[in-house]
Amino acid sequence: MVGSKRRWFKIILKVLSTGIFIVNLICVLALLVLHFLVKDASFKFAYWFYLFPLPIIITIVLVFSVFLGKRRKYNLILAGILLLVWFFRSFSISFTEEVKDTDVEVVFWNASRDDGFESAFKENESIPDIMVLSEPKKRSFDKIKAKYPQYYFYKSNGEIEIFSKTPLHIEEEQRSKYSSTIVKFSSAGIQFYAVDMQGSFDVPKAWEFKFANSIIQNTSNTIVLGDFNAPYESVFLERLEQNYNHFFSKKGNGFRETWPWNFPLLSIDHIWVSKDLIMVNSEKIATRDSDHSMIKTVIRK
């Protein structure tokens, strides 16, 4: 009788173990297909693509391994491979160069509605040549303009503010039906597109990037920067990747991801530099004042 109970107990454990392994296999395969093949091309899958970046997938693989017994080695091997993929894809190493007085320092920061130019200058530890903020603190714009009357400022109808040490020429500002904003301007002899893309999951990315691509046409002597609310791996950034160099992948040091709160999960803030411009250095500045890292690059014309 006792032997029979033990036998049934072993059978139940084996069935449970096999069931967990099958669930693990289905979930992991689904996540890998989502991340590497499907991505955010489909509106239905975009939410899940953003919710499960590669570090989260690696964590899930490791958690499943705890319950797999002798089969955990397969998950551990897979987790190791994915960790290497993530590291070599996200981590950049480049040689720093000495910055000259004639170089142009360009900074972007999503200020998360709690900060403005004053705190941005402090985070950057200097006043750059060009700075673009998205979602800046309200009621700080007039104050900063009065404090720095020798410089140039622009406030969009959306949630973009622009600072420049040299005269600003605003060529156009357009806003989509769903509140994505793009400001085309020139300063320091360079053409810029400042971008603040709608981040709501109710709005298909395809619509907003179609709007953006219709405006962003210049591919020489041009910098495109802003909060795209789409990670570096997004299918919607392929056009920019073809025509521009990514500031951090080209000249950064460390992990590329900018969100959230200094954890390297998603690269949703970008500076794209046309291939005829020379990038001297690029940097990602960790900050506790926003859930987005500040990003910057130095351009030599």
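What you are looking at is a predicted structure, and each value in this text was computed from that prediction instead of being measured.
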J.: For Tyr148 and Phe117: C-alpha separation, side-chain torsions, deciding distance, then whether ring pair (Phe, Tyr, Trp, His ring centres under 6.0 Å) applies.
T.: CA-CA 11 Å; Tyr148 298 98; Phe117 283 112; 9.2 Å; no
J.: Can you name the one residue among Phe49, Phe52, Trp86 that meets ring pair (Phe, Tyr, Trp, His ring centres under 6.0 Å) with His35?
T.: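 When ring pair (Phe, Tyr, Trp, His ring centres under 6.0 Å) is applied between His35 and each of Phe49, Phe52, Trp86, only Phe49 qualifies.
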J.: Examine distances only and state if a side-chain atom of Asn75 and a backbone atom of Val61 form a donor-acceptor pair shorter than 3.5 Å.
T.: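 It does hold such a pair.
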J.: Using a 4.5 Å cut-off on heavy atoms from C-beta on, say whether the side chain of Phe185 contacts that of Ile162.
T.: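 Answer yes - side chains close enough.
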J.: State yes or no: are the ring centers of Phe121 and Phe163 separated by less than 6.0 Å?
T.: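 Between Phe121 and Phe163, the centre distance is under 6.0 Å.
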J.: For Thr181 and Arg175, indicate whether the former's side chain and the latter's backbone hold a donor-acceptor pair under 3.5 Å.
T.: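 Here the side-chain-to-backbone pair does not exist.
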J.: Is there a donor-acceptor contact under 3.5 Å from the side chain of Lys251 to the main chain of Ser94?
T.: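 A pair under 3.5 Å: no.
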J.: Identify the two heavy atoms, one from Thr297 and one from Phe247, that lie closest to each other, and give their separation to 0.1 Å.
T.: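 Thr297 and Phe247 have their closest heavy atoms at CB-CB, 4.2 Å.
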J.: Measure from the side-chain N and O atoms of Ser134 to the backbone N and O of Ile160, and report whether any donor-acceptor pair falls under 3.5 Å.
T.: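 Between the backbone of Ile160 and the side chain of Ser134 there is no qualifying donor-acceptor contact (under 3.5 Å).
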J.: Using the benzene-type ring in the case of Trp, are the ring centres of Tyr178 and Phe211 under 6.0 Å apart?
T.: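 No: the rings miss the under 6.0 Å criterion.
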J.: Hey, is Lys296 close enough to Glu105 for a salt bridge, meaning N to O under 4.0 Å?
T.: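 Yes, this pair counts.
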J.: Treating Gln191 as the side-chain partner and Ser187 as the backbone partner, does any N or O pair qualify as donor plus acceptor under 3.5 Å?
T.: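 It does not hold such a pair.
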J.: Take the angle between the ring planes of Trp259 and His292 and call it parallel below 30°, perpendicular above 60°, tilted in between.
T.: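 Tilted, since the angle between the ring planes falls between 30° and 60°.
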J.: Establish whether Leu37 and Phe45 are linked, either directly or via other cluster members, by ILVMFWY side-chain heavy-atom contacts under 4.5 Å.
T.: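 Yes, same cluster.
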J.: Hey, is the main chain of Ser65 close enough, under 3.5 Å, to the side chain of Lys73 for a donor-acceptor pair?
T.: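 Side chain of Lys73 to backbone of Ser65: no pair is present.
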J.: Say you draw a straight line from OH of Tyr50 to CG of Asp40; how long is it, rounded to the nearest 0.5 Å?
T.: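 So the gap between those two atoms works out to 3.5 Å.
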J.: Given His270, which of Glu241, His246, Arg256 fulfils the side chain to side chain donor-acceptor pair (under 3.5 Å) condition?
T.: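 Exactly one pass, corresponding to His246.
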J.: Test side-chain contact (heavy atoms from CB on, under 4.5 Å) on Asp129 and Ile299; report intermediate values, then the result.
T.: CA-CA 10 Å; Asp129 297 288; Ile299 303 299; over 6 Å; no
J.: Does the plane of the ring in Phe201 sit parallel, tilted or perpendicular to the ring in Tyr47? Use 30° and 60° as the thresholds.
T.: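 If you compare the ring of Phe201 with that of Tyr47, the planes turn out perpendicular.
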J.: Salt bridge check: are Lys143 and Glu118 linked by an N-O gap of less than 4.0 Å?
T.: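 Not counted as a salt bridge, because no side-chain N and carboxylate O are separated by less than 4.0 Å.
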J.: In terms of heavy-atom contacts, does NZ of Lys145 have more than 12 from other residues, nucleotides or ligands at under 6.0 Å?
T.: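 Counting other residues, nucleotides and ligands, NZ of Lys145 stays at 12 neighbours or fewer.
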J.: Decide whether Ser112 and Asp114 meet the rule of one side-chain donor and one side-chain acceptor closer than 3.5 Å.
T.: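 Distance-only check fails for Ser112 and Asp114.
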J.: Salt-bridged, Glu159 to Arg113, with N to O below 4.0 Å?
T.: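 So Glu159 pairs with Arg113 through a salt bridge.
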J.: Any side-chain to backbone donor/acceptor pair from Asp276 onto Asn221? Under 3.5 Å, distance only.
T.: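 Answer holds: yes.
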J.: Check each of Asn229, Asp196, Asp227, Asp115 against Asn110 using the side chain to side chain donor-acceptor pair (under 3.5 Å) test, and report the only one that passes.
T.: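 When side chain to side chain donor-acceptor pair (under 3.5 Å) is applied between Asn110 and each of Asn229, Asp196, Asp227, Asp115, only Asp227 qualifies.
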J.: Ignoring hydrogens and angles, tell me if any N or O in the side chain of Ser164 forms a donor-acceptor pair with the backbone of Leu168 under 3.5 Å.
T.: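 Not at all, since once roles are kept as given, no pair shorter than 3.5 Å links the two residues.
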J.: Kindly compute the distance separating CD1 (Ile223) from CG (Asn218), expressed to the nearest 0.5 Å.
T.: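 Ile223 atom CD1 to Asn218 atom CG measures 12.5 Å (nearest 0.5 Å).
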